[in-house]
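One-based numbering, in listed order, for ligands and for the atoms of each. Computed from a predicted model, the values in this text were never measured in an experiment. Hydrogens, waters and symmetry mates play no part in the numbers below; they use all other heavy atoms, side chains included.
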Amino acid sequence: MQLLTSKNLIDSGIPKLKQRCEKLILSGTTPLLKVLLVGNHSPSLIYTRNKKIFAQKIGAKCDIIHLSSDISEKDFLAKLEQCSNDNSVHGILVQLPLPEHLIHLTKKIAHLIPAHKDVDGFHPNNLFSLLQGDKGHDSLIPCTPKGILSLMEFYKIPITGQDIVVIGRSLIVGKPLSQLLEHYNATLTLCHLHTKDIKRFTKEADIIIIAAGAPRFFGAEYFRNDQSQYVIDVGINKDQTDKLCGDVDFINVKEMVKGITPVPGGVGPMTIFSLIQNLLLAAEKSV
Ligand code: NAD
């Protein structure tokens, strides 16, 4: 079994990102990411801090705009607009979830951030590019799918002609990921909570990618026991003992398959890596 960790990919990718960043700085453009964080939701505090650390590691700038949890809608939107209109800003993201009184803005945010600064890749124009077949080399596509693809490419996991099952159909992972893999000529099956018998699909697949948010739910009974399948676990959950775990029952599945991502240390870090790739792309396109 091959353990598909992200560390080697990221370690070897950082010098390339640094080089791109240096080139931009030499030409007078310092890539700048603005992260709007509302309130003190503790996972969000960690996620935003990690984004800043990664951006700084490659020489880019990241400002976290930490707004009070009771900020008014008007003031929040004014902050967003200020970043949108600021020419020194290349990437903007709003850390989700928003507090209860702003939660209705969650879907609108994708429209409020200009497409060329939308490093999360959720602006309708960016999603439409993806739908049209864009593979993310020249456009801003959602970070987790982009990171999963990079991981698959790094480990030379074949995609063309493969039967791939994606479990979970969210806008941030399952849906855009299915589109992206289809552009790489895979045959996709998208499963979700209402799929009648998921095992029927997973047992036949070459690659299974799971983003369900169901801690260790997918056990040995979902996979073939012939070490021929790849399993990519996108889930980041806490179990009953507060331990981080994926959607796959890793201990019981790992010896059955050809390759599997661990949690933590698999897909998780790829999302920030892709975010910073998107920031560089946005900055490069701005000059
Ligand atoms: P979501 O709740 O928006 O969507 C979950 C999807 O999974 C839904 O389509 C639902 O129908 C499906 N689903 C849930 N339980 C299922 C089950 N038992 N069988 C089949 N389908 C099932 O979740 P999301 O935002 O896409 O996140 C999913 C998981 O991925 C979470 O654990 C989340 O923390 C993780 N995640 C990780 C990263 C990363 O950076 N690695 C990024 C985003 C999400």
Pick one of side chain, backbone, both or neither for how [X] approaches ligand 1, counting any non-hydrogen atom pair under 4.0 Å.
| X | answer |
| --- | --- |
| L193 | both |
| F273 | neither |
| I236 | both |
| T195 | neither |

Per side chain to side chain contact (heavy atoms under 4.5 Å, CB included), V173 is matched among V234, I167, I210 by V234
With a cut-off of 4.0 Å, which atoms of ligand 1 are near a heavy atom of [X]?
| X | value |
| --- | --- |
| T144 | 40 (O), 42 (C) |
| V267 | 41 (N) |
| I172 | 25 (O), 43 (C) |
| N237 | 32 (O) |
| G268 | 40 (O), 41 (N) |
| A211 | 5 (C), 6 (C), 7 (O), 28 (C) |
| I167 | 20 (C), 21 (N) |

If you count every heavy atom of other residues, nucleotides or ligands that lies below 6.0 Å from [X] atom [atom1], does the total exceed 12?
| X | atom1 | answer |
| --- | --- | --- |
| E204 | CD | no |
| K52 | NZ | yes |
| K203 | NZ | yes |
| Q132 | CD | yes |
| K254 | NZ | yes |

Heavy atoms only: give me the nearest [X]-[Y] pair and the separation to one decimal.
| X | Y | answer |
| --- | --- | --- |
| A220 | N252 | CB-O, 4.0 Å |
| S68 | V38 | O-CG1, 3.5 Å |
| H192 | T195 | N-OG1, 2.7 Å |

Starting from [atom], locate the nearest protein heavy atom and write down its residue, its atom name and how far away it is, to 0.1 Å.
| atom | answer |
| --- | --- |
| atom 35 (C) of ligand 1 | V234 O, 3.4 Å |
| atom 12 (C) of ligand 1 | G168 CA, 3.8 Å |
| atom 40 (O) of ligand 1 | T271 OG1, 2.6 Å |
| atom 20 (C) of ligand 1 | I198 CD1, 3.3 Å |
| atom 18 (N) of ligand 1 | F217 CE2, 3.6 Å |
| atom 44 (C) of ligand 1 | V173 CG2, 3.9 Å |
| atom 24 (P) of ligand 1 | S170 OG, 3.7 Å |

- Query: When the ring planes of F273 and F54 are compared, do they come out parallel, tilted or perpendicular, using 30° and 60° as the limits?
  - Reply: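 Perpendicular, since the angle between the ring planes exceeds 60°.
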Q: Mark whether atom 27 (O) of ligand 1 lies under 4.0 angstrom from at least one protein heavy atom.
A: no
Per-atom contact, atom 2 (O) of ligand 1, protein heavy atoms, under 4.0 angstrom: no
**Asked** Does any N/O atom on R169 come nearer than 3.5 Å to any N/O atom on ligand 1?
**Response**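 N/O-N/O distance below 3.5 Å exists for this pair.
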Any side-chain heavy-atom pair of L281 and K285 under 4.5 Å
yes
Can you confirm whether the side chains of N40 and H66 place a donor and an acceptor under 3.5 Å from each other? yes
* **Donor-acceptor pair between Q95 and H41 side chains, under 3.5 angstrom** => no
Report task. Would you please determine whether C191 falls within less than 4.0 Å of ligand 1 on a heavy-atom basis? Result ->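 Flag not set, C191 not near ligand 1.
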- [ ] State if G174 counts as touching ligand 1 under the rule of any non-hydrogen atom under 4.0 Å.
- [x]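 Not so, G174 does not reach ligand 1.
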Quiz prompt | From A212, P145, G213, P264 - option closest to atom 5 (C) of ligand 1 by heavy atom | solution =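 Shortest heavy-atom distance from atom 5 (C) of ligand 1: A212.
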Worksheet item: Distance-only, no hydrogens or angles: does the N278 side chain make a donor-acceptor pair with backbone N or O of V119 under 3.5 Å?
Response: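 Between the backbone of V119 and the side chain of N278 there is a qualifying donor-acceptor contact (under 3.5 Å).
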